[in-house]
Amino acid sequence: MKLGSLKEGGRDGTLVVVSRDLSQAVRATGIAATLQQALEDWENAAPRLNALSEALNAGQAEGAFPLDMQALAAPMPRAYEFVDGSAYLPHVERVRRARGAEVPESFYVDPLMYQAVSAGFYGPRDPVKVPSADYGIDLEAEVVVVTDDVPMAVTPEQAAGHIQLVGIVNDVSLRNLIPAELAKGFGFLQSKPRSTLGPVFVTPDELGEAWQGNKLHLPMLTHINGEWFGAPEAGVDMQFDFAQLVAHAAKTRPLSAGTIVGSGTVANEDTALGASCFAERRTVETLRDGKPSTPFMAFGDTVRIEVLDRAGNSVFGAIEQRIEQQSAPR
């Protein structure tokens, strides 16, 4: 099944079940008011939501209506936790090589992960607001999963059973603010603003053969200003699968239902498949030419991020947004 949230009903939106072709939706408020509420009672809510999904896809759901992407908030407008990994080592290796640094051996056995902003996510058609283009505005096209309640110290095998939903995210980064922050030795803050979630989350069984080994085996397609930017394969060159990432996050603490875990920027060894962020493209240019030639994003630029199945159908719907300047508060 596919689940989304309307921009109504308060800060957490209103839960809707969405048809497989993303054309219809039906409110699920008789089951759970919000997706967070459903995840907190997933064992009981999921079968009822699935029954509603079957009715919707059969054209038999009472109260169904045409889906307007503009009316959608993020599937989870806010979450208790968002932890983001960096599981695609080709990206890590290239970035480090471009600045003459080695990849520590630990990176191959222990995932990189940081605590991201979870108090609010942009909806799939909302603009990205940034105070200054001098901050080095970048996108990061990633896959995410959403968990139910995960006990502390689960094994990866146990963690796999707690992955309930899959989606996509534009993990916005402000590249020019990152070096000074990391130099302090305390991690990201100002350089990582709010991110954007794709229109819907889907259950792993909805993905069929595209979900294997706790990975999404489809290309991550990105366009910038209408031009092809990249389509690396999300299931290729991923050093740590999502079960490993969830287990890593839960090593010393339980994860609350509704925790979002990100893959990091999708990247392949094969650079002909393009990139999922500007930092990646600029790194490839630096390694090839000695310096980058592609600038970061400017105000007015547009981003489109989407995953298509092998038949060309949109799986999660597309993130389509414009980069805009944040005006000064009054």
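The CZ atom of Phe201 lies 9.0 Å from the CG atom of Leu39; values are rounded to the nearest 0.5 Å. The CD atom of Glu320 sits 4.0 Å away from the CZ atom of Arg125 when rounded to the nearest 0.5 Å. Between the CD1 atom in Ile319 and the CG atom in Leu197 there is a gap of 7.0 Å [rounded to 0.5 Å]. Distance check: Arg281 CZ to Thr294 OG1 gives 5.0 Å after rounding to the nearest 0.5 Å. Interatomic distance, CG of Leu15 versus OG1 of Thr29, reported as 8.5 Å (0.5 Å rounding). Distance check: Glu140 CD to Ser173 OG gives 3.5 Å after rounding to the nearest 0.5 Å.
For the residue pair Gln321/Thr302, the side-chain donor-acceptor check at 3.5 Å is not satisfied. A donor atom on one side chain and an acceptor atom on the other are found under 3.5 Å apart for Gln115 and Glu81. With no hydrogens or angles considered, no side-chain donor-acceptor pair links Ser19 and Asn57 at under 3.5 Å. Defined by atom type and a distance below 3.5 Å, a donor-acceptor pair is missing between the side-chain atoms of Thr203 and Gln164.
Side chain of Glu181 to backbone of Ser191: a donor-acceptor contact under 3.5 angstrom is found. Judged purely by atom type and a 3.5 angstrom limit, Asn50 has no side-chain atom pairing as donor or acceptor with the backbone of Pro47. Between the side chain of Asn214 and the main chain of Asp241, no donor-acceptor pair closer than 3.5 Å is present. Within the 3.5 Å criterion, the main-chain N or O of Tyr108 finds a donor-acceptor partner in the side chain of Gln239. Although no hydrogens or angles enter the test, the distance criterion places no donor-acceptor pair under 3.5 Å between the side chain of Asp309 and the main chain of Ser314. In this structure, the side chain of Ser53 does not engage the main chain of Leu49 through any donor-acceptor pair within 3.5 Å. When atom types are taken as modelled, the side chain of Lys2 and the backbone of Arg20 share a donor-acceptor pair closer than 3.5 angstrom. Side chain of Glu306 to backbone of Phe316: no donor-acceptor contact under 3.5 angstrom is found. In this structure, the side chain of Tyr135 does not engage the main chain of Gln190 through any donor-acceptor pair within 3.5 Å. Between the side chain of Asp289 and the backbone N or O of Lys291, no donor-acceptor pair lies under 3.5 Å.
Nearest heavy atoms, Glu280 versus Ala275: CG-CB, 3.6 Å. Counting all heavy atoms, side chain and backbone alike, Asp84 lies closest to Glu142 at OD1-OE1, 2.7 Å. Closest of all the heavy-atom pairs between Met76 and Gly258 is CE-O, 3.6 Å. Looking at every heavy atom in both residues, Gly198 comes nearest to Pro124 through C-CB, 4.2 Å. Listed here is the closest heavy atom pair of Arg27 and Val16: CA-CG1, 3.9 Å. Summarising the geometry of Ala38 relative to Ala45, their closest heavy-atom pair is O-CB, 3.8 Å, with the distance given to 0.1 Å.
Between Ser132 and Gln326, every side-chain heavy-atom pair lies at or beyond the 4.5 Å cut-off. Proximity of Gln24 to Pro66: side-chain heavy atoms (C-beta onward) are separated by under 4.5 Å at one or more points. Annotation: side chain of Tyr80 is in contact with side chain of Gln36 (closest heavy-atom distance under 4.5 Å). Counting heavy atoms from C-beta outward, Phe121 and Arg194 have side chains that stay 4.5 Å or more apart. The shortest distance between side-chain heavy atoms of Met152 and Leu255 does not fall below 4.5 Å. Between Ser263 and Met238 there is a side-chain heavy-atom pair separated by less than 4.5 Å. At least one side-chain heavy atom of Val17 sits less than 4.5 Å from a side-chain heavy atom of Leu3. Residues Tyr88 and Ser276 have side chains not in contact (no heavy-atom distance under 4.5 Å, counting atoms from C-beta outward).
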What's the verdict on side chain to side chain contact (heavy atoms under 4.5 Å, CB included) for Asn176 and Asp134, showing C-alpha distance, side-chain angles and the deciding distance? CA-CA 7 Å; Asn176 293 340; Asp134 293 338; 5.6 Å; no
Pair Leu174, Asp138 - check side chain to side chain contact (heavy atoms under 4.5 Å, CB included), show working. CA-CA 6 Å; Leu174 304 178; Asp138 200 356; over 6 Å; no
Show the numbers, then the answer: is there a side chain to side chain contact (heavy atoms under 4.5 Å, CB included) between Asn170 and Val172? CA-CA 6 Å; Asn170 176 10; Val172 181; 4.0 Å; yes
Checking Arg310 against Glu209 for the salt bridge (Lys or Arg N to Asp or Glu O under 4.0 Å) test, could you report, in this order, the C-alpha distance in whole Å, the side-chain angles of both residues, the deciding distance, and whether it holds? CA-CA 10 Å; Arg310 300 303 179 186; Glu209 293 183 356; over 6 Å; no
May I have the step-by-step check of side chain to side chain contact (heavy atoms under 4.5 Å, CB included) for Leu165 and Val202, ending in yes or no? CA-CA 5 Å; Leu165 298 168; Val202 310; over 6 Å; no
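Cluster annotation: Leu112 and Leu89 are assigned to the same hydrophobic cluster (Ile/Leu/Val/Met/Phe/Trp/Tyr, side-chain heavy-atom contacts under 4.5 Å, transitive). Cluster annotation: Leu207 is connected to Phe242 through the hydrophobic network of ILVMFWY side chains, with a link wherever side-chain heavy atoms come within less than 4.5 Å. Cluster membership check: Val145 does not share its hydrophobic cluster with Met1, using side-chain heavy-atom separations under 4.5 Å among Ile, Leu, Val, Met, Phe, Trp and Tyr. In the hydrophobic clustering of this structure, Val303 groups with Val307; members are Ile, Leu, Val, Met, Phe, Trp, Tyr whose side-chain heavy atoms approach within less than 4.5 Å, directly or through other members. Each of Met220 and Val144 belongs to its own hydrophobic cluster when Ile, Leu, Val, Met, Phe, Trp and Tyr are linked at side-chain heavy-atom distances under 4.5 angstrom.
Using a cut-off of 4.0 Å between Lys/Arg side-chain N and Asp/Glu carboxylate O, Asp126 and Lys7 are scored as salt-bridged.
With a 6.0 Å cutoff to the six-membered ring centre and a 45° limit on the axis angle, Lys192 counts as a cation-pi contact of Phe188. Judged by a 6.0 Å distance limit and a 45° cone about the ring axis, Arg322 is not positioned over the six-membered ring of Phe299.
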